[in-house]
Trainee: 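Input: one structure, supplied below.
Atom set for the values below is all heavy atoms of this structure, side chains included, hydrogens, waters and symmetry mates excluded. Only a predicted model underlies this, so the values are computations on that prediction, with no experimental measurement involved.
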Amino acid sequence: MNDSGHRFIDLRQWVISHPLLAFPLFYLGWAYLFWVPVLLSDESVWVFPNLLWFLIGGASPLLAGLVLAALTGGKAQVLDLARRLGDWRRIPGRWWLVILLFWLCLDLAMAGMALWLGITDSPLDVNTSLFLNPGMLLFLLLLSFVFPAIEEIGLRGYYLDTLQQHFGPTTAGLVNGTVWAIWHAPFVWFPGYYANTTFNPELYWWLPMIVCQTLLIVQVYNRADRSILAVLIFHGMMNFTGEWLRISPDMYPFMLIGNLLAAVLLVLWWNRKKV
């Protein structure tokens, strides 16, 4: 056997021996490697060559999931990812309502609460013309659903599965969410990334919100028989609903409370089932 064959075997053995570490190393390392030039640039992330570096780095969850699945489970595990991405029959009928309506209901409830508490008198600025503007609608659909598809295949389809082989859903969700939050942190500094959206995140409330949202995603994932499609749509609806309702920037720190409360109630419910 030649040197390359030995290196492949050594790599495979290391990944199998360190399943919880392999994914974040690949996932974060690949992304940050290509994102550094964008972070150091004064040009918008949406212009060449920044867009190229951003997209190559942004492919890290998909690449990490596919490469590690192939190394640890071969073709069978890669095909399993594909099946769980495309098989809508895994999702119970009642859970379609949760997937499609949860974020709309939460955002509207938090907007009503903000009005009642006097946090802001304009929690929402609903974009009523969005569905009449094909260009903007297409951009938001791309931002809301295509990018999450790349994320969910590896982050949940591979890594969350791996974590839940070692931990319960709460711990697995906290680890998964923390790694996801670290991956997202540079987005705050990408020049012009949020220029065409109403979202302007700050790390102090956005990163903990990502962890809370992950706990909710874990619930959908498990209830839908490990469906990648379910969490993809759930994730996409979170993004799309926020942009459609055009949540006020003043609302986002307050929105953390709603996400945290939902996550805490979910964890308490999980723990009650174990008693």
Trainee: Can you measure from CG (Leu216) to CG (Asn259) and round to the nearest 0.5 angstrom?
Mentor: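 One gets 6.5 Å once the value is rounded to the nearest 0.5 Å.
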Trainee: Please determine whether the number of non-hydrogen atoms from other residues, nucleotides or ligands lying under 6.0 Å from atom CH2 of Trp96 exceeds 12.
Mentor: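 Result for CH2/Trp96: enclosed.
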Trainee: By salt bridge (Lys or Arg N to Asp or Glu O under 4.0 Å), which residues pair with Arg226, not counting sequence neighbours?
Mentor: Asp80, Asp161
Trainee: What pairs of residues pass the ring pair (Phe, Tyr, Trp, His ring centres under 6.0 Å) test when at least one of them lies in residues 151-178, not counting sequence neighbours?
Mentor: Phe23-Tyr159
Trainee: So which heavy atom on Leu104 is nearest to which on Leu245, and how close?
Mentor: CD1-CD1, 4.1 Å
Trainee: For residues Ile217 and Trp269: do they belong to one hydrophobic cluster (side chain heavy atoms under 4.5 Å, members Ile, Leu, Val, Met, Phe, Trp, Tyr)?
Mentor: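 Shared cluster, yes.
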Trainee: Show the numbers, then the answer: is there a side chain to side chain contact (heavy atoms under 4.5 Å, CB included) between Glu152 and Phe234?
Mentor: CA-CA 10 Å; Glu152 297 299 334; Phe234 188 65; over 6 Å; no
Trainee: Quick one: side chains of residues 105-120, donor-acceptor pairs under 3.5 Å with protein atoms, not counting sequence neighbours, listed by atom name and distance.
Mentor:
unit_1: Thr120; atom_1: OG1; unit_2: Ser122; atom_2: N; d: 3.1

Trainee: Drop me the distance from Ile99's CD1 to Met238's CE, to the nearest 0.5 angstrom.
Mentor: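 Between Ile99 CD1 and Met238 CE, I get 13.5 Å after rounding to 0.5 Å.
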Trainee: If you define the side chain from C-beta out and look only at heavy atoms, does anything of Val126 sit under 4.5 Å from Arg246?
Mentor: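 Sidechains of Arg246 and Val126: no contact.
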Trainee: Side-chain contact test, heavy atoms from C-beta onward, threshold under 4.5 Å: evaluate it for Pro169 versus Gln164 and give yes or no.
Mentor: yes
Trainee: Decide yes or no for Arg156 and Asn176: does some side-chain heavy atom of the first lie under 4.5 Å from some side-chain heavy atom of the second?
Mentor: yes
Trainee: I'd like to check Ser227 versus Ile91 (side-chain heavy atoms, cut-off strictly below 4.5 Å). Are they in contact?
Mentor: yes
Trainee: In chain order, what residues pass the side-chain hydrogen bond (donor to acceptor under 3.5 Å, both in side chains) check against Asn127, with sequence neighbours excluded?
Mentor: Ser129
Trainee: Is any side-chain heavy atom of His235 less than 4.5 Å from a side-chain heavy atom of Asn239?
Mentor: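 Yes. Closest side-chain heavy atoms under 4.5 Å.
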Trainee: Heavy-atom distance under 4.5 Å between the side chains of Cys212 and Leu261, does that happen here?
Mentor: no
Trainee: Does the gap between the ring centers of Tyr252 and Trp206 come in under 6.0 Å?
Mentor: no
Trainee: Is it the case that Glu151 and Trp180 place a side-chain donor and acceptor less than 3.5 Å from each other?
Mentor: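 Glu151 vs Trp180: donor-acceptor pair found between side chains.
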Trainee: Hey, is CH2 on Trp244 packed in by over 12 heavy atoms from elsewhere, all under 6.0 Å?
Mentor: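 No, because the 6.0 Å sphere around CH2 of Trp244 holds 12 heavy atoms or fewer from other groups.
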Trainee: For residues 50-65, run the donor-acceptor check on the side chains, cut-off 3.5 Å, and write out each pair with its distance to 0.1 Å, sequence neighbours left out.
Mentor:
unit_1: Asn50; atom_1: ND2; unit_2: Ser41; atom_2: OG; d: 3.0
unit_1: Asn50; atom_1: ND2; unit_2: Glu43; atom_2: O; d: 3.1
unit_1: Asn50; atom_1: ND2; unit_2: Ser44; atom_2: O; d: 3.3
unit_1: Ser60; atom_1: OG; unit_2: Tyr27; atom_2: O; d: 2.9
unit_1: Ser60; atom_1: OG; unit_2: Gly57; atom_2: O; d: 3.4
unit_1: Ser60; atom_1: OG; unit_2: Trp183; atom_2: NE1; d: 2.9

Trainee: Using the ring centroid of each side chain, check whether Trp205 and Phe254 are separated by less than 6.0 Å.
Mentor: no
Trainee: Whether the side chain of His18 engages the backbone of Trp14 through a donor-acceptor N/O pair (distance < 3.5 Å, no angle test) should be reported.
Mentor: yes
Trainee: Between side-chain atoms of residues 134-148 and protein atoms elsewhere (two or more places apart, or another chain), which donor-acceptor pairs fall under 3.5 Å?
Mentor:
unit_1: Ser144; atom_1: OG; unit_2: Leu140; atom_2: O; d: 2.6
unit_1: Ser144; atom_1: OG; unit_2: Phe240; atom_2: N; d: 3.4

